[in-house]
Structure formats: structure tokens, C-alpha cells
Protein chains: 2
Amino acid sequence: MRRLSHYLRALEGFDRNGGGTVSSEELASKGHTTAAQVRKDLSHFGSFGKRGLGYGVSELVDRLRAILGVDRAWRVVLVGAGRIGSALFEYPDFKARGYDCVAVLDSDPHKIGAKWGNTTIRDTAELEAVVVREQIDLVVLAVPAVAAQEVTDRAVRAGIKGILNFAPVRLKVPAQVPVEDVNLVMELEALSFRITRGGASE
Amino acid sequence: MRRLSHYLRALEGFDRNGGGTVSSEELASKGHTTAAQVRKDLSHFGSFGKRGLGYGVSELVDRLRAILGVDRAWRVVLVGAGRIGSALFEYPDFKARGYDCVAVLDSDPHKIGAKWGNTTIRDTAELEAVVVREQIDLVVLAVPAVAAQEVTDRAVRAGIKGILNFAPVRLKVPAQVPVEDVNLVMELEALSFRITRGGASE
DNA sequence: TTGTGTGAATCCCTTCACAGCG
DNA sequence: CGCTGTGAAGGGATTCACACAA
């Protein structure tokens, strides 16, 4: 659920200590939904929340982190050390949120062996070995479209748990392996669509 | 509508020339929806499609491009010449799809004046002037979270038509200015959420 | 016969409204 | 009282099913 991430983000504005509380109203005002929506969303996962008071900030943060699965560290391998890969690798929020990029792979001989910080770029051929040895959970796919499916197949066979895909292709994966697609062109098209047709409602 | 972009993408696999046709069934199989869904989506915008035959590939492409507003060129300014900005600037698909990055701005004195290809990075202070002089349609916001709202306000006042926002903040904009948010951490959280709870249904 | 276009049925998500607990 | 939790109502989107055109 995307909104849960928003709630978690919104809660960072509040003090975790001191037993403070937030109402569904307050959470709704950030994160642009309604109070009823917030309550429904949260009630799906149990009923923590004090009637007449609101939700305990600290408890709610813990709950949301558990629900979203960010109460642990995720081990990530980045495949594709191009521009997008480099941007992602440096993105400070990833590590801060528990996504730990422990390996970078590329198939370009000119890049293999180079160092990013103290991470050495290795050959994509080592993918399976890296996944197993480094106990990788997630693959961030930042390779050209033509290579994406092959890398995916190999990662899946090696036992990966999920894929964040930047390649503009629909990956074929077994049902139990979730894929999230990020397609920048489609985002721009969504913009021009909304501009072209007036109604800018999000 | 996000699915329309998918249809357009799927159609690239077919030959535009030669008066070929596609059925809703074929379009559905790529783009992972149902045939009924495809027909409903398209019927919203008129009924072009020959019963018993399918849709003319060439005509459908034209229609979709018109609907999505990609039958014209969009003039884009990139604000923020960091890692993400650089990745976006080099992203070959943007220009190919009609999104033309005609200016790059940054507020870091070390970057101002540098050249990317034959585009010179200019001072973010020039934003308003650039928007007007270069007849900019869209802003791609790749600045730190703290700077995002200020840049947004200025771009909106200068008459921008839409914003693609990479900063992890919810921008306040007038209702008629559409914003598309890209939040990489939220994508990863969506992944870990789905992994944590089993059901990987997209 | 084939595959679109579309009302009708269905499902799911959001909003409403309020009972009930602190 | 104030605010949560939740059944009920409402609305929008998906799916079904079939008349109809090529």
C-alpha cells in the first residue's frame, strides 16, 4: 500500500519520544487523504490507536515499519553501472532507509574493476555467485532493455526475492517474485496527458 | 491513464506500415490486462476500430499519441544537476519521445558554467527568465528536498505547465498544475511490503 | 465468423455516519 | 467530550455477455 509509506514519512515530522500522539486528521492533512481513509488503512492491520486520543507516534512508527517490512535491512545488488545506476548508488536515502547496496555489477569490461567509494564493480557474469554469497534480497535493474529479461531470469533462479526495474520492459517473472517498475517516460506521458486534457486532478 | 502508455509501447512491436491490425486480445497480452479492459479504455476516446478485424496499428498509434499529448514536442528544463539530474539528462528515451531538455540549472557555483554536451549549466536564479525565454512547458525537479518547494513556487509563477518531481516532498501547487512524483524509496518499500506479506500480486 | 462497442452485473475502494471506548 | 474502529452506503472501475458491424 503506497499510502502507508506516506504516513510513515509524515510521522517523521513528529517527535517519536515523549509519548506524543497523532490523530487520523493530522496524518491525513499531510499525505493528502482523508481521516477516514487513514483509519481504514490502519485498521486493516489491527487496531492500535487510543479512542479519544489518536495514535501513539512511537508505536505507529514501529507498526508501519513492520508492515512495510522496513524494520530490517535489505541487501541489494545493483546491476548496471550506467548513469541511472550511479545516481541510485549515491542516493543517500537508500542506505538511511535500510536498503544496503552491497554489490554493483556491469558487463562492460571498461567498468569492471572500477571502484565506486569502496565498492568494486564486478562482472555481471558473477550475478548468481554474488546473490548467494552476499545473501542478496533485492535486485535493482538498471541495464538496457535488451539485457533486462536475461538478468532477471538468472536472478530469479538464484533465489532473489524482488526486483526494482528501471528497464522499459515488462519482465516475465514467477508469480511469487514481485517487480516494481519505474518508467520515467511514462511519468512524463502521464504529465502531458493531464496537461493536454485540462483536469489536473492527481 | 497509465495503461494507454503501455498500449503505445506495445504497439511499437508491430509494423506501423502496411495497414496491419491488432486485436484487443493481442494488446492485452502485452501490457498485462484483459481484452475487455483494452476496449473499454479505448472506447473512452471514441470508437476507432473495425469490428471483426481489430484496430489499425497506424491509426491507433496516432490516436494514442494524440490522447497522451505526445504528438508534439515538450520543452523541458531540468533543475538540479546532481546525479539524478545527470542520469535523466542523458536518458536517451526522453528526446526520442519528444521531451526536449533545453536547459539545465543548478545553484552550486562549482557547477554553473560547466557544459553537458553542448548545454551549459546555468544558475537556478535564472529560472523565471529561462522559462519565459525558452518557452518551457515542463520542469523536472531533481533538487534536494529543502529547495523543492521554493523552486516549484517560482516555476509556477513563471507559467510552467507541469512538474516531474524527484524530491521526496509533497509539493503545494495550484490545482491546474499537475505534478507527478517519483519516489525511489517508496518503490523499494512497496517491494519489501509485498515480499513481507507473501502475496506478490501487482 | 471474428472481434468491437457497450449496457448490465460485479467487485473493490472510498466516504459516511455513528456506536463505543478512553 | 474526542477520536477510533467499523458496518453501511456510495461510486468508480473491471468484468461479463452479447448485439452488431465488417
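Chain identifiers are assigned alphabetically (A, B, ...) following the order of the sequence lines, protein sequences preceding nucleic acid strands; residue numbering begins at 1 within each chain.
- For dT14(C), one of the phosphate oxygens OP1 or OP2 lies less than 4.0 angstrom from a side-chain nitrogen or oxygen of Arg3(A).
- Across all strands shown, Thr33(B) has no heavy atoms under 4.0 Å from either base or sugar-phosphate atoms.
- A distance-only check finds a donor-acceptor pair linking the side chain of Asp137(B) to the backbone of Arg75(B) [under 3.5 Å].
- With a heavy-atom cut-off of 4.0 Å to chain B, the contacted part of DNA chain D has its first and last nucleotide at dT14(D) to dA22(D).
- Remark on DNA chain D: of its neighbouring residues Ser47(A) and Arg39(B), the 5'-side contact belongs to Ser47(A), judged by nearest-heavy-atom nucleotide.
- Rounding to whole angstrom units, NZ of residue Lys40(B) and P of dC11(C) are separated by 16 Å.
- With distances taken from any side-chain atom of Arg51(A) to the nucleotides dG20(C), dG5(C), dA8(C), the minimum falls on dG20(C).
- Atom CG of Leu184(B) is separated from atom CG of Leu88(A) by 5.5 Å, given to the nearest 0.5 angstrom.
- In this structure, CD of Gln37(B) is placed 14 Å from C1' of dT6(C), rounded to the nearest angstrom.
- For Thr34(A) and Leu53(A), each mapped to the nucleotide of DNA chain C holding its nearest heavy atom, the one lying further toward the 5' end belongs to Thr34(A).
- Rounded to a whole Å, the NE2 atom of His44(B) is 11 Å from the C1' atom of dT6(C).
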Discussion item. Using the rule given for side-chain hydrogen bond (donor to acceptor under 3.5 Å, both in side chains), can you reason through Thr33(A) versus Arg3(A), listing the C-alpha separation, both sets of side-chain angles and the distance that settles it, and then say yes or no?
Written reply: CA-CA 9 Å; Thr33(A) 8; Arg3(A) 281 190 305 258; 5.2 Å; no
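- Closest of all the heavy-atom pairs between Ser107(A) and Asp123(A) is CA-OD1, 4.4 Å.
- With rounding to the nearest 0.5 Å, the separation of CG in Leu27(B) from CZ in Arg9(B) is 13.0 Å.
- Separating the CZ atom of Phe45(B) from the P atom of dT6(C) is a distance of 14 Å, rounded to the nearest angstrom.
- Of the possible donor and acceptor atoms, none in the side chain of Thr119(A) sits under 3.5 Å from a partner among the backbone N and O of Lys115(A).
- Mapping Gly52(A) and Gly54(B) onto DNA chain C by nearest heavy atom places Gly54(B) at the nucleotide closer to the 5' end.
- Between dT2(C) and Tyr55(B), no contact under 4.0 Å exists linking OP1 or OP2 to a side-chain N or O.
- Counting to the nearest Å, the C1' atom of dG20(C) and the NZ atom of Lys50(A) are 17 Å from each other.
- Between the CG atom of Asp41(B) and the P atom of dG3(C) there is a distance of 19 Å, rounded to whole Å.
- The main-chain N or O of Thr124(B) is found under 3.5 Å from a side-chain atom of Arg154(B) such that the two form a donor-acceptor pair.
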